[in-house]
Amino acid sequence: MIKIYINAAHTSFSPGGVWGERTEHEDMLKFTRMLSIELERDPDISCKVFTGDLRKTFTGYDVVLSFHRGTNIKNSEKHGAQVFVQENASADIQYEAFRLLESISSEKYFRMLGVHTATSKNIPASINHTGCERTFLFHIGFIDSQRDNRLFDSCYEELARELSERIKEVFKEEKNEDNT
């Protein structure tokens with residue numbers, strides 16, 4: 001059984017990025033619910049979706065996934081999707097992050113902005129303290145970009161399905177390698 005904790009960024013009381021009536025929290029809650037539904041179609045996967053920050057320990061989980069939408073329209077050349085891993089992440093975990101990111105980054109989805117490490121100097125540093133080696137923090141487009149919002153709205157369900165399939169592929173491979 002693969003146990004996955006899925007974090008929808010922020011809360012209704014602290015909504016994160018806001019653009020008109022749209023909030024980062026609501027977008028990510030929609031996306032993570034869909035992702036959870038897709039993942040739980042597999043009897044070998046158990047998911048829990050939560051909201052809030054990552055300032056707690058997730059012992060007993062194989063993977064922690066956190067999803068955000070950035071706010072930075074001034075850097076329009078940086079539109080796309082990226083993933084952060086823990087500061088001390090191994091090359092294997094960075095490669096897993098790349099493979100996951102690849103599933104939501106393509107010509108028809110978001111442009112790939114790469115895999116980055118969470119250092120004490122950047123916002124995703126909270127992922128360094130989850131207690132789970134495989135913690136991934138995704139930024140999926142910019143909430144203050146009409147272009148990114150149209151793209152997100154048109155494909156978030158498809159993105160959830162694509163990412164779900166890649167998660168199953170990546171982490172079932174890992175479990176199989178551990179058992180051989």
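Throughout, numbering of the chain's residues begins at 1 and tracks the sequence.
The shortest non-hydrogen separation linking Ser36 to Val49 is CB-CG2, 3.5 Å. Smallest separation of non-hydrogen atoms from Asn149 and Ile143: ND2-O, 2.9 Å.
Between Glu158 and Arg161, none of the side-chain N atoms (NZ, or NE/NH1/NH2) sits under 4.0 Å from a carboxylate O, so this pair counts as no salt bridge. Here Asp27 pairs with Arg22 in a salt bridge; the nearest charged N to carboxylate O distance falls below 4.0 Å. Note on Lys168 versus Glu165: salt bridge recorded, some NZ/NE/NH1/NH2 to OD/OE distance being below 4.0 Å. The existence of a salt bridge linking Glu169 and Arg99 is confirmed by a sub-4.0 Å separation between a basic side-chain nitrogen and an acidic carboxylate oxygen. Using a cutoff of 4.0 Å between basic side-chain nitrogens and carboxylate oxygens, Arg41 and Glu38 are scored as salt-bridged.
No donor-acceptor contact under 3.5 angstrom links the side chains of Ser46 and Glu40, judged on distance only. For the residue pair Thr135 and Thr130, a side-chain donor N or O sits within less than 3.5 Å of a side-chain acceptor on the partner.
By the 4.5 Å heavy-atom criterion applied to side chains, Ile4 and Tyr61 are not counted as neighbours.
Remark: Arg69 is not positioned above the aromatic ring of Phe142, lacking an NZ or CZ atom under 6.0 angstrom from the ring centre and at most 45 degrees off the axis. For Lys48 and Tyr5, the positive end is not near the middle of the six-membered ring at less than 6.0 Å and at most 45° from its axis.
In terms of modelled atom types and a separation under 3.5 Å, the side chain of Glu102 and the main chain of Ala97 share no donor-acceptor contact.
Side-chain heavy atoms closer than 4.5 Å link hydrophobic residues (I, L, V, M, F, W, Y) into clusters, and following such links, even through other members, never connects Met34 to Leu151.
Note: His139 and Phe67 fail the aromatic proximity criterion, with ring centroids not under 6.0 Å apart.
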